[in-house]
Protein chains: 2
Amino acid sequence: MELSDRKKRILKSIIDAYIDSGEPVGSKFLTSYGNISLSPATIRNEMSELENMGYLDKPHTSAGRVPSSSAYRLYVDELMENYRLTMEELNVINELMHFKASELDKIITQAGKVMSELTQCVTLSFTRENGADTISRFDTVFVDETSFLLVMISGTKQVRSEHVKTEYYINDEALCAIRRVLNENLTGITLENVTMPLIMKMEAEAGRLAPLINPIIRIAFSCFETEGDGSVKISGLSNLLSYPEFSDVEKLRSLMDMFDKKKGYLKNLLSSPDPQNAENLGLVPQDFGSDMKIYIGNEHDGTAFSDTGMVFCTVPMGNTQSVIGILGPKRMDYRKAVSALRVLAENMEKTAGIENNQNTEDINEQ
Amino acid sequence: MELSDRKKRILKSIIDAYIDSGEPVGSKFLTSYGNISLSPATIRNEMSELENMGYLDKPHTSAGRVPSSSAYRLYVDELMENYRLTMEELNVINELMHFKASELDKIITQAGKVMSELTQCVTLSFTRENGADTISRFDTVFVDETSFLLVMISGTKQVRSEHVKTEYYINDEALCAIRRVLNENLTGITLENVTMPLIMKMEAEAGRLAPLINPIIRIAFSCFETEGDGSVKISGLSNLLSYPEFSDVEKLRSLMDMFDKKKGYLKNLLSSPDPQNAENLGLVPQDFGSDMKIYIGNEHDGTAFSDTGMVFCTVPMGNTQSVIGILGPKRMDYRKAVSALRVLAENMEKTAGIENNQNTEDINEQ
DNA sequence: TTTAGCACTTTAACTTCACGAGTGCTAACA
DNA sequence: TGTTAGCACTCGTGAAGTTAAAGTGCTAAA
């Protein structure tokens with residue numbers, strides 16, 4: 001059965017009101033809320049039908065109605081209006097762009113903070129690893145007699161460096177030798193191709209510094225490896241406490257446990273386009289525009305996410321991709337989250353191309 | 001008035017019991033708890049006096065007694081026994097030491113996780129900045145035609161590097177020129193001494209690449225700057241939810257707000273030996289052994305920490321210092337926290353001296 | 001098709017009440 | 001003089017009962 005226009009309008013009003021208040025919405029309240037000019041009785045009839053169709057739930061007989069998951073899905077798909085960010089809100093995002101960080105990671109972290117502040121939800125963010133990447137060039141910088149900086153440049157022009165300290169006497173000549181050994185043997189290959197014979201060959205070539213080869217190999221490949229759980233950044237957790245739906249400590253705990261101990265899951269969720277990952281966590285994925293996805297928790301499974309909604313999008317920046325997700329109660333303000341993320345993503349893509357440019361601009365201004 | 005031995009024994013038993021259960025302790029319960037063989041009536045008399053002396057509080061007439069802040073202070077100072085970590089617990093810490101991380105930061109993060117798991121509290125950790133440090137040497141590594149790696153070595157042999165991307169054409173010669181300009185003008189000085197004339201001099205020397213000077217200066221000095229709020233790592237937040245004292249969402253929120261938004265305070269608290277910082281946050285500092293400090297919340301001020309206790313210590317590692325703190329309810333198990341931290345600190349100091357040594361050992365084993 | 005009216009349901013908030021836990025005091029005891 | 005038993009008193013907790021408010025569904029009228 002198709003939803004009549006009027007039903008849609010009523011449903012939308014209910015959801016809007018519920019997002020505002022978090023309380024079940026009654027028929028009488030609706031008459032004075034949206035642009036609906038019908039009597040409570042008529043609205044009750046419509047609500048009753050909407051309930052039969054699975055869009056509304058009743059906590060109990062004499063409470064108002066609460067939107068079901070499918071209602072939210074319909075809402076984000078077609079009912080939801082565009083949220084116009086206020087100038088103030090736009091400014092907050094724009095300021096972020098002037099954040100003088102050359103490091104991607106810092107920008108993402110900061111972006112997470114801004115988004116959580118703006119939407120009063122939790123933000124999850126992380127920078128996607130690009131999978132198999134090989135090292136295309138090694139370089140070294142002398143620091144002192146017992147340590148040096150090992151610089152690695154990957155095939156995709158990622159640069160990593162690591163301060164290596166040793167017990168051995170280091171000089172320019174030694175560094176040069178190490179560099180040569182590394183560049184001749186380790187460039188363009190993955191960790192799987194580092195065989196014992198190769199290691200022994202390198203050690204032979206390294207002469208006096210042979211004992212350094214093994215640790216260097218470990219360092220080199222671990223640098224480009226996934227950074228483990230630590231890479232999912234979370235901010236604004238305390239925002240959740242304002243929502244009455246999280247005043248139940250148990251619910252909160254299951255969510256926080258997820259954040260604390262199971263970041264791996266989150267990472268999968270954020271990084272994989274495979275909706276199966278979402279469903280395993282009790283979320284129903286919903287494509288939304290180009291890079292935007294909305295997941296809405298499934299009520300009747302006991303997972304941590306069953307009462308939450310989540311909007312996230314990927315932000316391509318230079319040659320890496322970041323994912324930023326906004327997680328809140330199921331009745332979170334999807335409109336605002338979507339708009340904020342969209343503005344953020346556009347801004348970041350724009351500035352990503354020119355990176356340190358804002359600095360050069362600064363110069364011109366002076 | 002001096003505390004008699006018996007009073008101390010009774011007080012200790014009360015605190016122990018309260019740490020166990022979180023419930024007010026009654027006189028009758030005590031007879032069967034510690035090694036006290038007195039009648040409830042006698043204990044009541046003693047308790048009554050302890051209350052007059054300010055060591056015990058009564059939530060209301062017919063509840064048991066609850067230790068006051070000064071009781072906790074006395075407890076950690078002289079009543080508390082040593083907690084012997086079980087073999088299992090020791091193993092967890094030892095395993096941590098084999099964590100093959102060349103980065104200090106990762107070890108600290110991991111240590112925080114282990115500590116929070118062990119004590120079922122929150123751990124705060126961060127690596128202390130060494131204040132005013134100047135750059136003693138610049139180096140550069142060519143990456144591609146429009147970017148290079150800027151390497152900075154500080155007076156205290158800290159190494160930082162930053163990938164600088166530009167719009168200008170870069171080659172070895174240009175890099176060499178930049179390096180020279182930087183080394184000749186910026187080594188050994190602090191940001192305050194970077195004057196406009198100096199900048200203009202450098203720009204003149206840099207010729208074609210003059211526009212790069214300004215951004216590079218920013219990058220260079222921000223690299224050694226404090227890393228902002230991000231540097232305080234927090235783990236095990238969800239542990240707090242198990243304690244009934246935090247089932248009140250408001251208390252939780254004030255704490256989490258602190259973690260979320262006011263990491264600066266925390267950092268001050270952790271990094272400064274100045275007790276004033278603690279008192280501003282409603283904590284009463286208490287020196288405890290060499291590098292160990294215990295702060296106990298002050299009941300009657302409304303700060304976030306009024307219901308918490310905190311044990312923390314500094315761990316010197318190589319040429320930096322880290323601080324790890326364990327924060328829990330005021331009735332947290334101080335014994336265990338102190339022991340765990342002590343073992344951790346000892347282990348870390350031990351391994352800090354040899355840094356990458358475990359790697360070299362690995363080689364020898366193969 | 002819409003609306004007004006009304007009976008019905010259910011929860012939240014408030015009272016009352018009895019119970020249990022723990023105290024403080026007094027008097028007896030060693 | 002220090003310790004203990006006994007007892008009255010206090011206070012919070014939980015159960016049970018009651019009321020008020022909010023919202024629904026249904027029926028009948030407009």
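Just so you know, these numbers use all the heavy atoms, side chains as well, and skip hydrogens, waters and symmetry mates. Lettering follows sequence order; numbering is per chain, from 1.
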Value in whole Å for how far the P atom of dT1(C) lies from CD1 of Ile43(A) = 17 Å
Across all chains, not counting sequence neighbours, the side chain to side chain donor-acceptor pair (under 3.5 Å) partners of Ser247(A) are none
Sugar-phosphate atoms are those with a prime plus P, OP1 and OP2; base atoms are the rest. Using that split, label each nucleotide of nucleotides 11-30 of chain C B, S or - for protein heavy atoms under 4.0 Å, 5' to 3'.
-> S---------BSBB------
Is there any salt bridge (Lys or Arg N to Asp or Glu O under 4.0 Å) pair reaching into residues 247-257 of chain A, and which pairs are they, with sequence neighbours excluded?
-> Glu250(A)-Arg253(A), Lys251(A)-Asp307(A), Asp257(A)-Lys261(A)
NZ of Lys7(B) versus C1' of dG2(D): gap in Å, rounded?
-> 12 Å
Listed partners of Glu245(B) passing side chain to side chain donor-acceptor pair (under 3.5 Å), at least two apart | Arg331(B)
Who are the side chain to side chain donor-acceptor pair (under 3.5 Å) partners of Glu88(B), not counting sequence neighbours?
-> none
Taking CD1 from Ile36(B) and C1' from dG2(D), how many angstroms apart are they, rounded to a whole number?
-> 17 Å
Return the value, rounded to whole Å, for the distance between atom CG of Leu30(A) and atom P of dT3(C).
-> 14 Å
More than 12 heavy atoms of other groups within 6.0 Å of Lys58(B) NZ = yes
Rounded to the nearest Å, what distance is computed from the CD atom of residue Glu46(A) to the C1' atom of nucleotide dG23(D)?
-> 18 Å
OP1 or OP2 of dT2(C) sitting under 4.0 Å from any side-chain N/O of Ser39(A)?
-> no
By side chain to side chain donor-acceptor pair (under 3.5 Å) - contacts of Glu46(B) (at least two apart) = Arg6(B), Lys7(B)
